[in-house]
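A short write-up of the structure that comes next.
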Amino acid sequence: MFQKQATESAGRRGTRPAVPAEPPPTARPGVTLAAVGVVQFLVSLDLSVVNLGLPEIAAGLGFTGADVTWVIHAYALTFGGLLLLGGKLADRYGRRRVLLGGLGLFALASLAGGFAQAQGHLVAARAAQGVGAAALAPAALAVLTVTFPSGRARARAFGVWSAMNAAGGALGVLIGGVLTEYAGWRWVMWVNVPMALVALALAWRGVAADRPAARHTRPDVLGAVLGTGGMTALVYGIVGTDRHGWAAPQTIGAVAGAVVLLVGFVLVQRATTRDALLPLGLFRLRTVSGANTFNLLLGAAMASAFYFLSLYLQDVLGHGPATAGLMFLPFALGVVVGSVVAIRLGSRMPSRSLLVLGGLMTAVGFAWFGRIGADGTFLADVLGPSLVTSIGFGLCLGPVVATATVGVPERQSGVASGVLNTSRQLGASLGLAALGTAAAARAGTSPDVEALTGGYAFGLTLGAVLLGAAVVVALLVLPRPTGRTTSLERSTS
């Protein structure tokens with residue numbers, strides 16, 4: 001599914017796709033898929049469930065001004081900064097082991113966060129959640145890649161993964177609004193605990209116990225320090241722009257430090273004889289480099305969409321948190337529809353074509369969103385573009401994940417999954433900061449409702465531009481399909 005052109009490209013370059021012919025013998029594919037689906041729903045949910053509860057959290061724990069944003073930033077910093085390391089740990093010490101450990105930490109951190117009595121307690125709990133998510137997210141995706149290596153089962157597995165991924169993000173807004181309004185902000189933390197325990201039980205029962213990679217060389221400690229430090233500094237610099245601005249010394253210092261660390265990281269990866277954190281040869285596969293670039297642009301656009309629409313529904317249209325969250329439900333359903341359509345079309349269309357089609361649909365939806373007005377309504381201004389955007393987004397999710405992991409040796413599946421998660425998280429942070437800054441500049445320093453709406457509309461229009469760039473990447477970087485054989489037939493032959 002989705003991957004004819006990736007396999008052919010690897011063959012033309014002399015690189016044999018080292019994907020196993022069948023899942024691990026002790027795996028229970030159905031239970032494994034359920035576990036990975038719950039994990040991805042949980043990770044996506046936690047990226048958005050807290051947002052609508054920020055005012056209540058600020059009032060309950062005494063946050064002042066922009067300090068409450070650290071409830072979001074603490075998670076983003078550890079999650080985005082440690083994803084590469086989490087993927088490498090999964091390859092080196094076992095995907096199942098790292099997945100279970102990450103789920104346990106995530107559950108404990110969520111429980112502690114709900115009982116927080118001070119600002120520092122909650123911020124620390126959110127940071128610990130990010131550490132757990134950085135371990136479990138790439139491990140879960142690597143488990144999926146290895147358990148479903150080819151054929152129709154792979155198509156369905158990635159379709160389920162993509163639907164749960166997007167549903168978690170969209171429903172997180174709804175769940176967060178309802179819990180905040182009717183149960184209290186602490187439940188936006190506690191809601192994670194039962195889901196994490198369910199995922200832990202499913203993974204314990206259904207995920208095969210994989211043998212860790214043979215460790216003939218010592219781990220690349222220097223590379224891990226440089227890579228993790230560089231990614232953390234970069235995310236810190238980006239997320240801080242909402243308070244300091246792009247030209248502030250804090251932002252410039254953080255980004256400059258990130259550049260120095262990441263350049264050093266690349267140099268170490270090229271020269272090291274140890275077990276490198278990130279084998280740079282992965283990026284010689286056009287499927288890996290192209291899919292991750294597409295994923296970064298897609299993440300940048302979609303993160304800004306949730307942000308702008310949440311503000312538009314509440315600050316302009318005047319809806320409460322629960323009602324605003326409910327209005328994201330059509331978006332979640334549209335993503336599921338798009339994911340199902342991607343599964344059905346995947347047996348007849350290569351992933352490159354699905355990414356182009358989905359990217360174009362999503363771009364059209366964003367351009368439609370760019371026409372929102374201060375006197376608009378949900379039915380006239382939000383519902384239609386929500387459906388177009390979400391269906392296009394659903395068409396993209398499965399193919400981009402499958403493209404980025406096909407042809408990757410099993411021993412590097414965790415790293416490839418970590419890179420994919422990193423590109424999406426980095427895209428979300430960068431896109432939200434850049435488009436948010438552009439929207440604020442368009443709205444002005446003392447915006448009224450008309451100016452606010454103009455800023456949100458401008459930000460959403462820029463999202464359409466990003467998606468147009470993603471389509472160009474799919475056309476120019478991903479290899480062209482050849483012949484009349486479908487990607488599904490190629491992958492099973």
Side-chain angles (χ1 to χ4, degrees), residues 34-61 63 68-76 78-79 99-100 102-117 119 121-137 140 161 163-203 303 306-307 310 314 320-329 331-333 335-336 428:
V36 172
V38 175
V39 165
Q40 193 55 45
F41 182 87
L42 180 64
V43 172
S44 298
L45 177 84
D46 210 60
L47 289 170
S48 58
V49 71
V50 175
N51 291 2
L52 291 182
L54 289 180
E56 294 291 334
I57 291 172
L61 295 180
F63 283 98
V68 72
T69 59
W70 277 105
V71 176
I72 302 295
H73 296 339
Y75 181 88
T78 52
F79 183 44
L99 175 60
L100 295 175
L103 281 168
L105 176 58
F106 194 91
L108 289 173
S110 300
L111 185 65
F115 285 110
Q117 299 299 313
Q119 300 170 18
H121 298 164
L122 181 58
V123 171
R126 288 287 288 167
Q129 278 186 318
V131 175
L136 64 91
W161 181 94
M164 296 298 283
N165 176 39
L171 290 177
V173 181
L174 169 60
I175 293 171
V178 171
L179 289 176
T180 299
E181 190 162 327
Y182 297 110
W185 68 264
R186 295 182 185 278
W187 280 97
V188 301
M189 299 292 293
W190 286 334
V191 72
N192 295 315
V193 178
M195 288 189 289
L197 293 178
V198 168
L200 192 65
L202 290 171
F306 283 112
Y307 174 72
S310 294
Q314 294 180 86
T323 304
L326 186 63
M327 289 176 175
F328 276 93
L329 186 58
F331 191 99
L333 296 176
V335 174
V336 174

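Here, residue 1 is the first one in the sequence, and each next residue gets the next number. Side-chain atoms are counted along with the backbone in the values below, which use heavy atoms only and exclude waters and symmetry mates.
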Would you indicate whether Phe41, at its atom CZ, is surrounded by more than 12 heavy atoms from other residues, nucleotides or ligands within a distance under 6.0 Å?
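Enclosed: over 12 neighbouring heavy atoms sit under 6.0 Å from CZ of Phe41.
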Distance (rounded to the nearest 0.5 Å) between Met327 CE and Leu329 CG
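The CE atom of Met327 sits 11.5 Å away from the CG atom of Leu329.
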Taking C-beta and beyond as the side chain, do Val71 and Phe63 meet within less than 4.5 Å on heavy atoms?
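Answer yes - side chains close enough.
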Give me the atom names and distance for the closest heavy-atom approach of [X] to [Y].
X	Y	answer
Leu99	Leu136	CD1-O, 3.8 Å
Arg126	Thr78	O-OG1, 4.4 Å
Val36	Ala140	CG2-O, 3.6 Å
Leu105	Gly132	CD2-N, 3.6 Å
Ala74	Val123	CB-O, 3.6 Å

With sequence neighbours excluded, tell me which residues meet side-chain contact (heavy atoms from CB on, under 4.5 Å) with Ala34.
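Testing Ala34 for side-chain contact (heavy atoms from CB on, under 4.5 Å), a comparison that skips the adjacent residues, returns Leu202.
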Go through the structure and list residues passing side-chain contact (heavy atoms from CB on, under 4.5 Å) with Ala112, not counting sequence neighbours.
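side-chain contact (heavy atoms from CB on, under 4.5 Å) check on Ala112 returns nothing, list empty.
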Verify side chain to side chain contact (heavy atoms under 4.5 Å, CB included) between Met164 and Ser44, making sure each step is shown before the conclusion.
CA-CA 8 Å; Met164 296 298 283; Ser44 298; over 6 Å; no
Report all side-chain donor-acceptor pairs from residues 183-201 shorter than 3.5 Å, counting only partners two or more places apart or in another chain.
unit_1: Arg186; atom_1: NH1; unit_2: Gly114; atom_2: O; d: 2.8
unit_1: Arg186; atom_1: NH1; unit_2: Ala116; atom_2: O; d: 2.7
unit_1: Arg186; atom_1: NH2; unit_2: Ala116; atom_2: O; d: 3.2
unit_1: Trp190; atom_1: NE1; unit_2: Leu111; atom_2: O; d: 3.3
unit_1: Asn192; atom_1: ND2; unit_2: Asp46; atom_2: OD1; d: 2.7
unit_1: Asn192; atom_1: ND2; unit_2: Met189; atom_2: O; d: 3.4

